[in-house]
Number of protein chains: 2
Amino acid sequence: MPRTHKRKRFKKVVTRIPVSGQRMQMQDIANLAGVSTSTVSRALSHSSLVNDETRTRIAELARSHNYSINIGARNLRLQHSRTVAVVVPYDVRTRQHISDPFFVSMLGSLADALTEQGYDMLLSRVDAERLDLVAQLEASGRAIGVILIGQWHHHDQLNELANRKVPLVVWGARLPRQTYCTVGSDNITGGLLATQHLIETGRRRIAFFGDPELPEIGQRYEGYQRALKHHGIPLDARLVVAAEFSEGSSRRAVDALLEKKIVFDGVFASSDLLAMRAIGALREKGLIVPRDVGVVGYDDIELSQYFHPSLTTIRQPILKGGEALVNALLALVANKALSSEVLPTELVVRESSAPSPAPP
Amino acid sequence: MPRTHKRKRFKKVVTRIPVSGQRMQMQDIANLAGVSTSTVSRALSHSSLVNDETRTRIAELARSHNYSINIGARNLRLQHSRTVAVVVPYDVRTRQHISDPFFVSMLGSLADALTEQGYDMLLSRVDAERLDLVAQLEASGRAIGVILIGQWHHHDQLNELANRKVPLVVWGARLPRQTYCTVGSDNITGGLLATQHLIETGRRRIAFFGDPELPEIGQRYEGYQRALKHHGIPLDARLVVAAEFSEGSSRRAVDALLEKKIVFDGVFASSDLLAMRAIGALREKGLIVPRDVGVVGYDDIELSQYFHPSLTTIRQPILKGGEALVNALLALVANKALSSEVLPTELVVRESSAPSPAPP
DNA sequence: CCATTCGTTGCAATCGTGTGCAACAAACGA
DNA sequence: TCGTTTGTTGCACACGATTGCAACGAATGG
């Protein structure tokens, strides 16, 4: 650390000699402008305490020497990092979920919303079994709070984090006895709309693909049940297949149904990815969508419209979701009221659920 | 700022009174352990200068009060942020590219590689027209360097950044007269493999979808040309359609070919997304893939295997790519040699290019 | 002519941590 | 017994910025 020694020798020296290649700092600009660092600081933060002429001169100097203020030092002084951590839980075994296109779009939406508010975004993958580590992101001052994408089955750990007063907002389902704040879509209505649509297009034996143990999926399943009940269709437990997000799961789900000779004419898949894989598996078995089986997915990821057949699905409001997550976190940090938020969902009708032509 | 005032009054006080709700800091741990902050600092950084018994006692105290060290302050002192900025250029008009699944997978791979090396990842979207702003990420000390995903047509701006000594590594093509460092896949060989494969499966009139003005695409196009030449197939400029990444582009490309009655039996699309859209557009026109037209994509995104027909494509080494980008940046920051890197690509054969059955 | 106000600037303390140097006790050797 | 070494710890300053307070000249008012 050569500079350390230099500074020591001169001790009370005011005129810092900018070593070439060394990063510019406020003192350098101050020297160039013939003022103190106080004035430079005030000028660059548009304080009204500084003369207009001085301000513009300093601003000009700063720009022409492409000086930019040291964020770390400023944050330390201001006790504020203007940074939000976005965490994607990471399952060491499957590694599957960060690649879910839905989460990814959410990432983009978050990036926009945060930029809009002038915040930086720190992206972390955290081992899902060590979710307690996210507390460090805030405790270490790296970020003012955490947005977690992917509730999964970590309800208890998330509650514990919230109880430890970690500023935390989760994308997911609102659950009973939850102390953390969630933002999510209306999964029950979503499930209901999807199932209802399949019923209205003439299906009666509708399978559900997804793991109802996961909160969000559970609520979609709830909507599925309500729709069936409303139309007087009895629930057949054999039609509920706990397909996960992992790769071969949909295929196995379809296989299981077919092998047991369980008849079905509709599938409500709890994500678009699952739906696409299911359609592929069905096709392998010689079943054509939508002629033999109507399929509805969930998420409305970008590829759903290019898929063949294009996918009927429940659109989650990604843009609004990102904004809502950010707003919720900022409110939480500011100690404002922390009510969880449920955003509306919408049915998007495409080819995969087209009514099968009436049998001749 | 209540604490500021408190501290002022007591001035030389050593025993900081931890206000409830206030964040723990090193001084608090020091008080609890009855030592100075120096010792705590050394203990937590595993310095050999501290007694073993003292170290474990301090470590225990820190853990039980879940104290974690203030990263900002440490970074300021150490003059090092252990953070890498990952930038995705952002086209205000199209907004399209961050959603490309390939970039997204790269993001995941980068997150892994950085975590592995103990670095944080700062994710930014930057207006593609203001790429000069990425210099600030480093100049402000937010990050030690920048990894940029998406070279696009910004060659000159990137060169300028590199000339300004901004530590920068770009995912993209290696170009002549380039002063910045790139990591990318072997696009020429990729394009060659793809085209060769279409030729070997019996196609002769092979269209190219993509904008050869973009460096990576241009190199894939170069490979396309070489393959044609090698097999003695004349290049037909009308078969080259500068489809962009935006939505309707593939459709228009297909429409353009068909309207002009230009015959073709193969398509090499310069990305999987483009390929999928092209297949959809072909289907709308009554052309079946692979029977009437063989299609090969590029990237091997996850969905390619679930698409129908499953997509023959050129796999880009995403995992290795992320590692290579990170290694390159770290080397660059350490002033090591900065050679651009070209990673091998691989042909993945699936259904979309299956040889059409010999006409009876 | 002096007191006061106003506009502008600088001094110095501060944010939380790391580390060179000195201090100090215990152990050791002569 | 005393100097030297060794192991452990604390003091004080530095990292690069912000800001309360004081200072100071000019303008203003009485």
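Per chain, numbering begins at 1; letters A, B, ... match sequence-line order. Owing to the predicted nature of the structure, the values given are computational and were not obtained by experimental measurement.
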Terminal axis angle for the helix from C:dC1-D:dG30 to C:dA30-D:dT1, five pairs an end, nearest 10 degrees: 60°

Salt bridge or not between A:R23 and B:E138? Use side-chain N to carboxylate O under 4.0 Å. yes

Rounded to the nearest angstrom, tell me the gap between atom CD in B:Q27 and atom P in C:dC15. 11 Å

In terms of heavy-atom contacts, B:A128 and B:P89 come closest through CB-CB, 4.2 Å

From the options C:dT19, C:dC11, D:dG16, select the nucleotide whose nearest atom is closest to the side chain of B:S41. C:dT19

With a 4.0 Å cut-off, would you call B:R82 and B:D120 a salt bridge? no

Nearest-Å distance, CG (B:N31) to P (C:dG16)? 14 Å

Sugar-phosphate only, base, or nothing, as touched by B:S47 at under 4.0 Å among non-hydrogen atoms: nothing

With a 4.0 Å limit, can you tell me whether A:Q79 has a side-chain N or O closer than that to the phosphate oxygens OP1/OP2 of C:dC15? no

Interatomic distance where CD1 belongs to A:I29 and P belongs to D:dT18 [whole Å]: 13 Å

Rounding to an integer number of Å, can you tell me how far B:M26 CE sits from D:dT9 C1'? 15 Å

Starting from the 5' end of DNA chain C, give me the residue, B:T37 or A:N51, whose nearest nucleotide shows up first. A:N51

Using a 4.0 Å heavy-atom cut-off across all strands, classify A:T54 as base, sugar-phosphate, or nothing. sugar-phosphate

Salt bridge check, B:R57 against B:E53: does any charged N sit closer than 4.0 Å to a carboxylate O? yes

Go through the structure and list residues passing side-chain hydrogen bond (donor to acceptor under 3.5 Å, both in side chains) with B:E116, not counting sequence neighbours. none

Nearest whole Å is fine: how far is D:dC11 P from B:L49 CG? 17 Å

Roughly how many Å is it from NE2 in A:H80 to C1' in D:dA17, rounded to a whole number? 16 Å

Measure the spacing between OG of B:S124 and CG of A:L123 and express it to the nearest 0.5 Å. 11.0 Å

Per atom distances to the B:V50 side chain, the nearest of C:dT17, D:dT9, D:dA17 is D:dT9

Against the side chain of B:R77, the closest entry in C:dG10, D:dC15, D:dT18 is D:dC15

Report the residue (B:L76 or B:V35) whose heavy-atom-nearest nucleotide on DNA chain D is the more 5′ of the two. B:V35

What nucleic acid atoms does A:S38 come within less than 4.0 Å of, heavy atoms only: base, sugar-phosphate, or nothing? base

Among C:dG10, C:dG18, C:dG16, which nucleotide sits nearest the side chain of A:R42? C:dG10

Pairing of B:E323 and B:K320 as salt bridge, 4.0 angstrom limit: no

Whole-Å distance between D:dA17 P and A:M24 CE? 12 Å

Atom-pair distance (CG on A:L44; C1' on D:dT18), nearest Å: 12 Å

Is A:I71 touching bases, backbone alone, or none of the nucleic acid, heavy atoms closer than 4.0 Å? nothing

Would you say the side chain of A:R74 and the base of D:dT18 hold a donor-acceptor pair, judged only by whether the two atoms sit under 3.5 Å apart? no

Should B:Y67 be listed as having a side-chain N or O under 4.0 Å from OP1 or OP2 of C:dG16? no

Can B:Q178 and B:T182 be counted as having a side-chain donor-acceptor contact under 3.5 angstrom? yes

